[in-house]
Structure formats: C-alpha cells, structure tokens
Amino acid sequence: MGDSMPPPATFDLVDSCARRRGSDVEIVLGAPKTELNEAGAVIRLTSGKRSVDANGQLVQSPTGPLLTVRAPRDQFVDGIWSMTTRADDDRFVPLAARLLVQGDRPLVLLWGAKAGRTELPPARGVRAAGKRRAAAVGGRALDGVLAVLPDERARTIRQRARRVARRVLG
C-alpha cells in the first residue's frame with residue numbers, strides 16, 4: 001500500500017491543524033521554519049482559479065512557536081486548497097500541506113503539497129463481494145419461488161441450487 005511517512009515540511013506536521021474559529025478558517029502550523037518563521041508571513045491558499053491570502057501571526061506555546069493563519073470561511077469553496085508562502089524574493093513557494101474544505105464538515109489539513117497516487121484494492125475482493133451479492137439475491141428469489149412447494153421438495157431443490165451456484169460462482 002501507500003507510504004504513511006509524512007513528506008518533508010518547513011513546519012511540524014504533528015503540531016499542525018486546521019479548524020474553524022467562529023466564522024473563520026484557522027490554520028495552525030507548528031514549529032515553523034525558514035519563510036514561515038516570522039510574524040506577518042503570508043500564506044496563499046489556492047483552489048483552481050480562486051485564491052485567498054492570509055497573514056500569519058507567530059505565537060509562542062508550551063510546545064514551541066506556532067504560526068496561526070486566519071481567513072473568513074465564506075471565501076472558501078468546497079475542495080482541496082493548496083498552500084504556498086511568500087519567500088524573500090516575493091515569489092510563492094509550496095508548503096507540504098493542503099486544506100480540505102467540505103461543506104459543514106470539519107476542516108482537514110492534508111499532508112503533502114500534492115496528492116499521492118491512488119491505489120485501488122485488488123480486483124479479486126471486489127469480484128468476491130459481487131459474487132456474494134449475486135448468490136444472496138439468487139437465494140432470495142429462489143426462496144420466493146420455492147415457498148409454494150412442500151418443505152421436503154423445496155429443501156432438495158435448494159440444496160441442488162447451492163451446489164450449482166458454488167460451481168458456477170466458485
């Protein structure tokens with residue numbers, strides 16, 4: 001499966017989060033380094049053609065410095081927002097995190113500047129589930145038809161049908 005190790009980042013991913021504060025989106029980046037290590041750092045969040053700029057405020061906490069960024073929630077549409085920060089030469093460099101906004105659900109800070117490759121489960125598990133569903137539907141239909149027969153005759157036909165289904169769906 002995928003790699004669960006966090007990507008290299010200019011902040012501590014463990015002490016970082018995204019949440020709602022009143023009518024604002026608040027993003028907290030723990031132990032910021034380089035461009036993020038100053039008050040007034042600008043974080044640009046981008047989704048498609050939309051972008052929101054937010055100024056950061058550096059705060060000392062018991063676990064170390066935190067860069068807190070806030071912007072009005074109504075500026076964000078649902079989707080994944082990439083995050084960049086303004087470097088010394090006024091260009092924006094990507095951060096190793098993204099923001100997931102999805103309606104009234106909680107905000108999510110995602111690892112990585114880009115999403116990793118999606119890995120689907122092996123098709124065999126999907127086929128087996130489909131076979132189980134087909135067998136269950138067929139069994140219910142057969143039970144409905146056999147309800148008019150005497151119990152002993154219905155039991156014999158049901159056993160034969162199970163044997164055939166096992167061979168066919170195998």
Side-chain angles (χ1 to χ4, degrees), residues 1-31 43-52 54 61-63 66 68-84 94-170:
M1 287 291 166
D3 184 8
S4 63
M5 293 300 295
T10 56
F11 55 93
D12 182 12
L13 291 165
V14 175
D15 288 335
S16 300
C17 67
R19 57 188 169 211
R20 290 188 185 180
R21 285 278 190 210
S23 62
D24 288 345
V25 167
E26 182 179 72
I27 301 168
V28 177
L29 303 176
I43 304 294
R44 177 170 287 166
L45 295 110
T46 309
S47 179
K49 293 182 180 182
R50 296 175 183 257
S51 67
V52 177
S61 77
T63 60
L66 300 173
T68 304
V69 178
R70 289 179 88 163
R73 167 62 178 96
D74 59 7
Q75 292 184 5
F76 293 87
V77 296
D78 289 357
I80 296 177
W81 291 75
S82 59
M83 297 171 56
T84 57
L95 292 175
R98 293 162 289 138
L99 177 68
L100 174 60
V101 178
Q102 44 186 350
D104 289 334
R105 294 181 182 150
L107 300 169
V108 180
L109 190 64
L110 302 170
W111 288 358
K114 293 183 178 180
R117 204 175 118 231
T118 301
E119 295 183 30
L120 299 174
R124 182 176 187 171
V126 172
R127 257 185 272 150
K131 289 179 182 181
R132 282 193 298 274
R133 270 194 307 276
V137 169
R140 284 193 298 272
L142 183 63
D143 286 342
V145 171
L146 297 178
V148 297
L149 295 178
D151 289 341
E152 189 58 39
R153 183 74 177 134
R155 190 178 1 259
T156 304
I157 294 172
R158 199 174 282 114
Q159 288 171 346
R160 283 186 191 161
R162 281 189 185 126
R163 272 181 275 168
V164 170
R166 284 188 187 116
R167 267 188 265 136
V168 170
L169 296 174

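This chain uses plain numbering: 1 for the first residue, then up along the sequence.
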* **Sole residue of Leu99, Leu110, Thr46 in side-chain contact (heavy atoms from CB on, under 4.5 Å) with Ser82** => Thr46

* Answer whether the closest heavy-atom distance between the side chains of Gln75 and Val25 falls below 4.5 Å. => no

* Asked: Does the side-chain contact (heavy atoms from CB on, under 4.5 Å) test come out yes or no for Arg73 and Val101, once each step is laid out?
  -> CA-CA 9 Å; Arg73 167 62 178 96; Val101 178; 3.4 Å; yes

* Any chance you could lay out the side-chain contact (heavy atoms from CB on, under 4.5 Å) test for Ile27 and Leu45, step after step, and finish with the verdict? => CA-CA 11 Å; Ile27 301 168; Leu45 295 110; 3.6 Å; yes

* For the side chain of Arg19 and the backbone of Leu107, is there at least one donor-acceptor N/O pair under 3.5 Å apart? -> no

* Structure fact -> Closest heavy-atom pair, Ala161 versus Leu142, reported as atoms and distance to 0.1 Å, is CB-CD2, 3.4 Å

* Minimum heavy-atom distance between Val52 and Ala71, given as atom pair plus value -> CG1-CB, 3.9 Å

* Report the C-alpha distance between Val145 and Ile157 in whole Å, list the side-chain angles of each, state the deciding distance to 0.1 Å, and finish with yes or no for side-chain contact (heavy atoms from CB on, under 4.5 Å). => CA-CA 11 Å; Val145 171; Ile157 294 172; over 6 Å; no

* Drop me the distance from Thr68's OG1 to Asp24's CG, to the nearest 0.5 angstrom. => 12.0 Å

* To do: To the nearest 0.5 angstrom, please state how far the CD1 atom of Ile43 sits from the OG1 atom of Thr84.
  => 7.5 Å

* To do: Might you point out which heavy atoms bring Ala97 and Phe11 nearest each other, and give the distance in Å?
  => CB-CZ, 3.6 Å

* Structure fact -> By side chain to side chain contact (heavy atoms under 4.5 Å, CB included), Arg140 pairs with (sequence neighbours left out) Ala136, Val137

* Asked: Does the Arg44 side chain pair with the main chain of Met83, one donor and one acceptor, at a distance under 3.5 Å?
  -> no

* **Val108 to Ala18 - nearest heavy-atom pair and separation** => C-CB, 4.3 Å

* Is the backbone of Gly30 close enough, under 3.5 Å, to the side chain of Ser16 for a donor and an acceptor to pair up by distance? -> yes

* Over 12 foreign heavy atoms within 6.0 Å of CZ, Arg20 -> yes

* Evaluate side-chain contact (heavy atoms from CB on, under 4.5 Å) for Arg158 paired with Leu149, printing each intermediate quantity in order. => CA-CA 11 Å; Arg158 199 174 282 114; Leu149 295 178; over 6 Å; no

